[in-house]
Amino acid sequence: MIAGRKWNQLCGKHMNVTIINGTPGDGWDEFENHLDKAAGTLSADHRVDFFTLRDMNINYCRGCFSCWVKTPGLCVFRDDMDIILDKYVRSDFLIFAGPLKTGFLPALTKKAMDRIIPVALPYIRLFDGECHHPRRYENQPVLGLLLFDDSPGAEAVDIAFSTIDRLALNLHPERTFKFIVTAEKIEEVLIHEIGGNQRLSKG
Amino acid sequence: MKLAVINGSPRGRDSNSSRIAGWITSSLEGSVEVCHAYVFNIARYDELMAKIGGCDYYLFIFPLYTDSMPGLSKAFMEKMEEHKPLFSGKNIAFIIHSGFPESSQSLTVERYTRYFASLLGMNCTGTIKMGGSEIIRSAPDSFFKDKVAAFQKIAKNIERSEPFDAKALEIIGSRKRHGAFFNFIFKHIDIGGIYWNRILRKNKAYKSRFDRPYLND
Ligand SMILES: Cc1cc2nc3c(=O)[nH]c(=O)nc-3n(C[C@H](O)[C@H](O)[C@H](O)COP(=O)(O)O)c2cc1C
């Protein structure tokens with residue numbers, strides 16, 4: 001399956017791409033326009049599901065663990081996170097996009113990230129001397145992070161990147177990618193990472 | 001001194017964070033006035049900022065959620081940044097605790113706590129990392145005797161606004177990455193499995209423990 005995916009990528013085959021835009025509010029129009037445009041370009045070859053978190057109704061996780069011990073795989077909240085997780089389990093790519101806020105992933109992004117735990121199992125396995133959870137679903141999308149570049153400190157960027165790497169230890173994607181990008185670079189980076197005919201035609 | 005204890009758990013009062021906070025506040029001298037704030041009170045953040053704005057020292061306790069702070073803790077931090085002048089120049093300490101037993105799980109977000117403090121112009125007196133916190137709520141204090149004693153020492157450090165006792169930190173975050181012995185035990189006894197299956201059975205959900213509701217298979 002892994003080999004198949006790589007092959008598909010090389011040939012520019014159809015991918016399921018889920019983009020989660022965690023931009024907290026106004027002031028990022030240029031970035032969001034480019035992100036929109038990139039999603040449009042990718043749609044020519046792939047199925048792209050684009051979510052803007054601030055327009056969605058998603059509750060904060062309240063830590064009840066019902067999704068593990070009462071209704072396995074399902075949160076107590078029936079809200080818009082259902083729509084995202086429904087895509088997530090069928091995705092080849094899951095990409096968090098947006099700026100840093102207060103030097104870290106915005107609360108909006110973090111809220112959605114917390115609500116991913118239904119796709120993990122409660123059980124614990126040891127990986128490299130550390131405990132982690134096995135996955136509930138066979139499919140696990142490539143995990144991507146696309147930070148909007150307005151010159152945040154290098155330390156903040158590095159902390160956000162390594163948070164994604166740590167998250168990957170529990171979600172087990174085949175790989176991760178992390179970029180800090182100017183608005184104009186968004187499309188290029190996404191096409192490069194996801195692949196597709198646009199990339200081939202552009203040479 | 002006025003100490004603000006910020007409970008970063010979405011579970012609020014009924015959380016492991018609350019228990020840990022209690023270990024500290026119960027051993028503070030009477031001269032320390034304690035002010036509690038709960039991050040789940042999202043509708044009351046402005047009110048809470050006014051409430052804690054006058055404190056001298058901030059103790060922010062949060063559980064590890066998907067390898068960083070819970071979304072609600074982050075929302076509270078963003079609010080604090082909006083009110084930066086209230087906090088600049090003051091002391092702040094953090095306690096990060098995780099369900100997994102190793103304190104190494106919290107290393108990345110520990111870096112962020114220091115970044116956050118400097119962003120707000122605060123003086124970070126220390127960040128304490130502790131593993132294995134999920135069982136605290138379901139066990140008596142006597143079960144964590146050494147750690148409770150270590151937190152009592154930390155309380156004294158907070159009172160005197162001094163750096164945290166190195167030995168106490170060592171006891172609280174003792175378990176780091178595991179060595180060969182733990183690996184061996186873990187291979188042969190599925191401790192997590194025993195714990196979660198017991199709860200699943202109690203909830204009559206054991207049969208559906210591997211369900212994949214989004215695929216309907
Ligand atoms: C959504 C969610 C995500 C979690 N992520 C992690 C994690 O990445 N690593 C970890 O060690 N524990 C994780 N935990 C476990 C909590 O840190 C642990 O249960 C903690 O004791 C909760 O403390 P509280 O009662 O103060 O909220 C997670 C729990 C929840 C509900």
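A, B, ... follow the sequence lines: proteins, then strands. Residue 1 opens every chain. All figures in this text were calculated on a predicted structure; none of them were measured in a lab.
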Close side-chain approach of A:Arg78 to A:Val76, heavy-atom, < 4.5 Å: no
A:Phe96 vs A:Lys178 side-chain heavy atoms within contact, under 4.5 Å: no
Residue selection (most heavy-atom pairs with chain A, distance under 4.5 Å) from B:Arg201, B:Glu134, B:Met77: B:Glu134
Close side-chain approach of A:Trp68 to B:Ile199, heavy-atom, < 4.5 Å: no
Selection from A:Pro118, A:Gly153, A:Pro106, A:Ala120 maximising heavy-atom pairs under 4.5 Å formed with chain B: A:Pro106
Distance under 6.0 Å and angle within 45° of ring axis: A:Arg135 vs A:Tyr137: no
Student check: side-chain heavy atoms of B:Asp67 and B:Thr108 closer than 4.5 Å: no
Residue that, paired with B:Trp23, satisfies side-chain contact (heavy atoms from CB on, under 4.5 Å) out of B:Ile95, B:Ile136, B:Ile154: B:Ile136
N/O donor-acceptor pair under 3.5 Å between A:His46 side chain and A:Gly195 backbone: yes
Side-chain heavy atoms of A:Arg166 within contact of A:Leu169, under 4.5 Å: yes
A:Asp114, part contacting chain B, at a heavy-atom distance under 4.5 Å: both
Close approach to chain B in residues 48-66 of chain A, criterion heavy atom under 4.5 Å: A:Tyr60, A:Cys61, A:Arg62, A:Gly63, A:Phe65
Option that, when pairs with chain A are counted at under 4.5 Å, heavy atom only, ranks first among B:Arg111, B:Arg209, B:Lys202: B:Arg111
Heavy-atom contact with chain A under 4.5 Å, split by part of B:Glu110: neither
Proximity breakdown for B:Tyr65 and chain A, heavy-atom pairs closer than 4.5 Å: both
Side-chain donor/acceptor pairs under 3.5 Å, residues 68-75 of chain B, sequence neighbours excluded:
residue: B:Ser68; atom: OG; partner: A:Lys110; partner atom: NZ; Å: 3.2
residue: B:Ser73; atom: OG; partner: B:Gly8; partner atom: O; Å: 2.7
residue: B:Lys74; atom: NZ; partner: A:Lys101; partner atom: O; Å: 2.7
residue: B:Lys74; atom: NZ; partner: A:Leu105; partner atom: O; Å: 2.9
residue: B:Lys74; atom: NZ; partner: B:Glu78; partner atom: OE2; Å: 2.8

Interface residues of residues 79-90 of chain A facing chain B - heavy atom cut-off under 4.5 Å: A:Asp82, A:Leu85, A:Asp86, A:Val89, A:Arg90
Top contributor to chain B interface from A:Thr102, A:Leu171, A:Ile159, A:Asp158 [non-hydrogen pairs under 4.5 Å]: A:Thr102
Salt-bridge criterion met for B:Lys79 and B:Glu82 (N-O under 4.0 Å): yes
Basic-acidic side-chain contact under 4.0 Å: A:Arg136, B:Asp211: no
Max heavy-atom pair count under 4.5 Å with chain A, selected residue of B:Leu200, B:Val109, B:Ile42: B:Leu200
Portion of A:Leu167 that has a non-hydrogen atom of chain B nearer than 4.5 angstrom: both
Non-hydrogen side-chain atoms of A:Asp45 and A:His14 separated by less than 4.5 Å: no
Pairwise side-chain contact, A:Pro24 with A:Pro99, heavy-atom cut-off 4.5 Å (strictly under): yes
Portion of B:Tyr112 that has a non-hydrogen atom of chain A nearer than 4.5 angstrom: both
Partner residues of B:Ser98 under the side chain to side chain contact (heavy atoms under 4.5 Å, CB included) criterion, sequence neighbours left out: B:Leu64, B:Gln105, B:Ser106
